[in-house]
Each structure stands twice: as C-alpha cells, then as structure tokens.
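Have a look at the structure below, then the notes.
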Amino acid sequence: MKIEQVHPTSHKKQRVAIHSHVKGLGLGPDGVAIPNAAGFVGQEQAREAAGVVVELIRSKKMAGRALLLAGAPATGKTALALGIARELGQQVPFCPLNGSEVYSSEVKKTEILMENFRRAIGIRVKELKEVYEGEVTEWRPEETEDPLEGHGKRVSHVIISLKTAKGSKQLKLDPSIYENLIKEKVAMGDIIYIDANSGSVKRVGRNEAYAKEHDLEADEYVPLPKGDVHKKREVIQDLTLHDLDVANARPQGGKDVHSLLNSLRTPKKSEITDKLRMEVNQIVSGFIEQGVAELIPGVLFVDEVHMLDIECFSYLNRALESNIAPIVIFATNRGMTEIRGTDIRGPHGLPVDLLDRCMIIRTQPYTLEEVSQILSIRAKLEGIPITEESLKALAEISSRTSLRYTVQLLTPAGILSKVAGREQVTEEDVKEADVLFFDAKQSAHMLAEQGDKFIT
C-alpha cells in the first residue's frame, strides 16, 4: 500500500527577490545597530540614523523634509529604504519610483510625480455600518422556474444561517448577494459579515474551532464573534489619496464617506485635474475634522534621483512644503555631476536648494568580512549549501568586481555543484562560475581591446 504525506499549501515557496532578506533596520531597544540583524550587515551609523528618521516619521515631525541616501553602488541604499518601510509597518504606504520613470511621451513629468506623491499618502476611513456577522452554519440558494427561460431556473433568494457566541439567526437574502457569496468563496464554518445597506459580503476568515482538524489550506482562523448577529460595527478601510482621486473622477451620488467608497466600483473615469485634487483634499479635511478619517503620511522612495531634471526638482521643492505631503526618500550613487536640464554641476546631481531640504545619510563600502556575511545570508535564503572557503572566494571576487556580481554568482555556482554531484558549493564551483560569466569591468576591458570587432 502506497501512503503519501499531504503537505499544507501554507508553506508554498515564494519568489526570492534581491532584498527578500531585509526584515527591518536591525536596531536594539536603545536604537543602537546590532552588527548582524534583520538581514543587515554593517552600515551601523547609517542604520542608526535611519532609526532616528523612523521615530521622526512616527511622531509626525518629518513634514517638509526629505531624506537623501548617498553612497557608492552596492552599499545598501535601497535595502536601507526598505528597512525603514519594514520598521514603519504594513499600514504605512510605501511607494517606490525610479527617477527614469517620470519621462513619458503621453504624461507630464510633474503629473507622474504628483500621482506618486498621492499614492504615498494614506487615509484610514472609519465607518459605522449596520451588519449581520457570524459563523455560517447553513447557506443555500432557493431556485424557482424562470418563465423567460422555458425549462430553466433562476435564484429567487438565498437562505443563510449565521451563529455567534450569543445566538443565531436565519436570513433570507436578495438573489444579488448570491454572486457575492460565490465570489468570496464562502463555505460552512467561515466567519463573514454582510452589509445591511449595500449587501456586500466580506469573508473575515475561518472559525478557529476548525484550526486543529486539518491544515490543508493556507487560511486565517478567527474567533467566533460575540454579541448579536445583527449589530453595528466599525469598519476600517485603508486607502490612498490617489484612490480617492480616481473615485472622485467618476460619477457619484454624494460627498459622504459611503458615496465616496461606493464610487470606487464605478467603471467610468474622467481626467484627474488639479481642481479635482483640491476638492478631494477639502473632502478629506472634512472627514478628518469629523473624526471619520485619519491621515497617514507614507513614504515615497525615489531611486536614481539624479535622473530627474530641473523641472522635476523645482516641483519637488514646492510639493515638499504642501500641507499634505509624504515623507520623501531619495537615493543616488553619483558624486559631483551635471544637473539634468542645465549645464550646472551639483553635488549628487541635485540643486543646492533641494539639498538644503534633505537630511543626508552616507552609506559606506562593505569590508571583505561583511561581504562574506551578506553572501552567507543570501545563500541561506536561496537554499544553497555553501562552504566557508567558497564564501571567502566569492568575497575575494567582489573586491575586484562588485557585491551585486558575486550575489548573482551564487545560483550558477549552486547549479554547477549539483551537476557535479556535490552536496555543497565548493571553491572550484565558484571559480568555474566566475570563468563562465563576465562582470562589467571585464566586459568593458574586452570592448576596449576588441572594439573593432563590434558594430559601433
């Protein structure tokens, strides 16, 4: 008899990205950087400075200022920005943008910047709704003969029974809710709530009583709701200003919270203008005064900021001083270079008036020992068994090439070791992978020597 183990789907492998190992800034309770923590190695001074910035953002004292991460290539600038985002938590919007993304033949540069600015500003809307909430103990569609379809049938109504810790209720629902139940994949034992006004259905999770029976599905288990099935509940929805811009650009019934949220489902759309954005700002200000909504300034991360031109820099100067502005983090690997759109050379390719608004954090090149530790972290994350000698060999290669190149060599070296039948990546595999692939400096040197053999 053949018996196979059923593996739970909650442990599916996820794609490993270049910064998957970064979990935070790796700071202790006193704000001092731990040498090797949260996926970070080294850069203690930069991480401690970033920790201070996180506290400024949390205390809402960072308005009107920007942060500039400056350092040589492959010194952890993007990792530092992601570390700040991880420390702030998932509720704070984080909007990444590359400097070259603003250039388009269809949309103005300032329009793209404005859209990303508003994507990075969160709004937490609190709404008191009349709902039916509980565990689904029964649900079935009731069908009747459809006179228009001949022998066909249609759903006339839906019978559903909901149970809470206090009691239970059987509801007779409109047939339009049937589609919502199918869409949410509602099953027996699920905890759901149904909006009494709109009829929208939200699946909260599965009753925690089923958690120990089986673990075949990646599901969230929640406790059985307390109180009555029919109740008033505060529903919290996280949006961004850009979401509200898009909602306001569509036909809607009013400017209250309910109308604004319902308009997100309307397909028609018109152009988002400055006048329209001002109207949204006024509506949001009204919500905040009423205590219905809360403003959550997020983070706009602009990588390769030297790619922006003088028109963009002029816009950023004004945007940073607005009442509703996110925290802006710039990153660049340039020294003294020409400011795009001018013939003036400036530090990091930025105008001096914008630099005056920036708090600057320097990132330092990694030592060979730190490179070896980073490679060890990446090897564990990617599931590549590797020897200490191989890590030292890769670190030596990074001294004449770059950290990015050596991180990219890990996977080919792992494949070569498997082909050779070895359980671990050896120094021989690393050297073979280095011979097979060229780094940027080797490629440039080859072009200098054999330039006449290439098309120019």
Side-chain angles (χ1 to χ4, degrees), residues 15-26 33 35-50 67-86 96-101 301-307 329-337 347-350 360-382 384 386 390-414 425 430-431 433-434 436-445:
R15 181 180 178 271
V16 177
I18 194 68
H19 292 112
S20 296
H21 61 284
V22 178
K23 308 299 180 188
L25 290 172
N36 189 345
F40 263 105
V41 175
Q43 305 293 352
E44 284 90 353
Q45 190 174 345
R47 285 155 58 198
E48 288 172 11
L67 178 67
L68 175 63
L69 305 176
T75 53
K77 297 181 292 296
T78 306
L80 208 58
L82 287 171
I84 291 172
R86 300 276 195 276
L97 174 73
N98 193 284
S100 59
E101 289 180 42
F301 175 54
V302 185
D303 202 3
E304 307 288 346
V305 68
H306 54 267
M307 292 296 293
I329 300 177
F330 300 129
T332 181
N333 55 21
R334 301 300 165 94
M336 288 294 296
T337 187
H348 312 297
L350 274 68
I360 303 172
I361 295 178
R362 286 289 308 276
T363 54
Q364 304 295 334
Y366 292 107
T367 63
L368 287 181
E369 186 182 345
E370 288 171 345
V371 169
S372 184
Q373 290 175 7
I374 292 166
L375 291 167
S376 177
I377 291 169
R378 291 298 305 179
K380 285 178 184 175
L381 185 70
E382 296 181 26
I384 301 170
I386 188 167
S390 305
L391 288 172
K392 288 178 182 177
L394 281 167
E396 287 293 335
I397 291 169
S398 74
S399 65
R400 60 173 173 81
T401 58
S402 68
L403 175 60
R404 290 194 181 106
Y405 173 72
T406 48
V407 168
Q408 290 169 3
L409 280 186
L410 273 173
T411 308
V425 175
V430 170
K431 288 178 179 177
D434 187 33
L436 288 173
F437 299 98
F438 278 53
D439 68 279
K441 290 177 183 176
Q442 282 177 309
S443 182
H445 182 68

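Only heavy atoms go into these numbers, but all of them, side chains included; no hydrogens, no water, no symmetry mates. We count residues from 1, following the sequence as given.
For the side-chain contact (heavy atoms from CB on, under 4.5 Å) criterion with L394, the lone passing option out of I374, T401, I386 is I386.
Residues meeting the salt bridge (charged side-chain N to carboxylate O under 4.0 Å, His left out) test with K441, sequence neighbours left out: none. In terms of the side chain to side chain contact (heavy atoms under 4.5 Å, CB included) criterion, residue partners of A331 (sequence neighbours excluded) are, by chain and number, L69, K77, F301, D303.
Between V22 and F40, the shortest heavy-atom contact is CG1-CE1, 3.9 Å. Looking at every heavy atom in both residues, V425 comes nearest to S390 through O-OG, 2.7 Å. Scanning both residues, I361 and A50, for their nearest heavy atoms gives CD1-N, 3.8 Å. For F330 against V305, the heavy-atom pair with the smallest separation is CD2-CG2, 3.5 Å. Between G71 and T363 the shortest heavy-atom distance is CA-OG1, 3.3 Å. Across every non-hydrogen atom of A81 and I329, the tightest pair is CB-CG2, 4.5 Å.
To the nearest 0.5 Å, atom CE of residue M307 and atom CZ of residue R334 are 7.5 Å apart. Between the CZ atom of R378 and the OG atom of S376 there is a distance of 12.0 Å, given to the nearest 0.5 Å. Atom CG of N36 is separated from atom CD of E44 by 9.5 Å, given to the nearest 0.5 angstrom. We find the CG-CD distance between N98 and E101 to be 5.5 Å, quoted to the nearest 0.5 Å.
Between the side chain of E48 and the main chain of A33, a donor-acceptor pair closer than 3.5 Å is present. With hydrogens and angles ignored, the 3.5 Å screen pairs a side-chain donor or acceptor of Q43 with a backbone N or O of Q364. With S398 contributing its side chain and A395 its backbone, the two residues share a donor-acceptor pair below 3.5 Å. Although no hydrogens or angles enter the test, the distance criterion places a donor-acceptor pair under 3.5 Å between the side chain of R47 and the main chain of G42.
Here the side chains of N333 and E304 are in contact, with some heavy-atom distance below 4.5 Å. Residues T75 and R362 have side chains not in contact (no heavy-atom distance under 4.5 Å, counting atoms from C-beta outward). Side-chain atoms of L391 and V371, non-hydrogen and from C-beta on, never get closer than 4.5 Å to each other. Considering only heavy atoms from C-beta on, T337 stays 4.5 Å or farther from T332 through its side chain. Counting heavy atoms from C-beta outward, D439 and R400 have side chains that approach closer than 4.5 Å.
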Show me, pair by pair, the donor-acceptor contacts under 3.5 angstrom made by side chains of residues 402-412, not counting sequence neighbours?
from: S402; atom 1: OG; to: Y405; atom 2: N; distance (Å): 3.3
from: Y405; atom 1: OH; to: D434; atom 2: OD1; distance (Å): 2.9
from: Y405; atom 1: OH; to: F437; atom 2: O; distance (Å): 3.1
from: T406; atom 1: OG1; to: S402; atom 2: O; distance (Å): 3.3
from: T406; atom 1: OG1; to: L403; atom 2: O; distance (Å): 2.8
from: T411; atom 1: OG1; to: E382; atom 2: OE1; distance (Å): 3.0

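For Q442, the CD atom counts as densely surrounded, since its 6.0 Å shell holds more than 12 non-hydrogen atoms of other residues, nucleotides or ligands.
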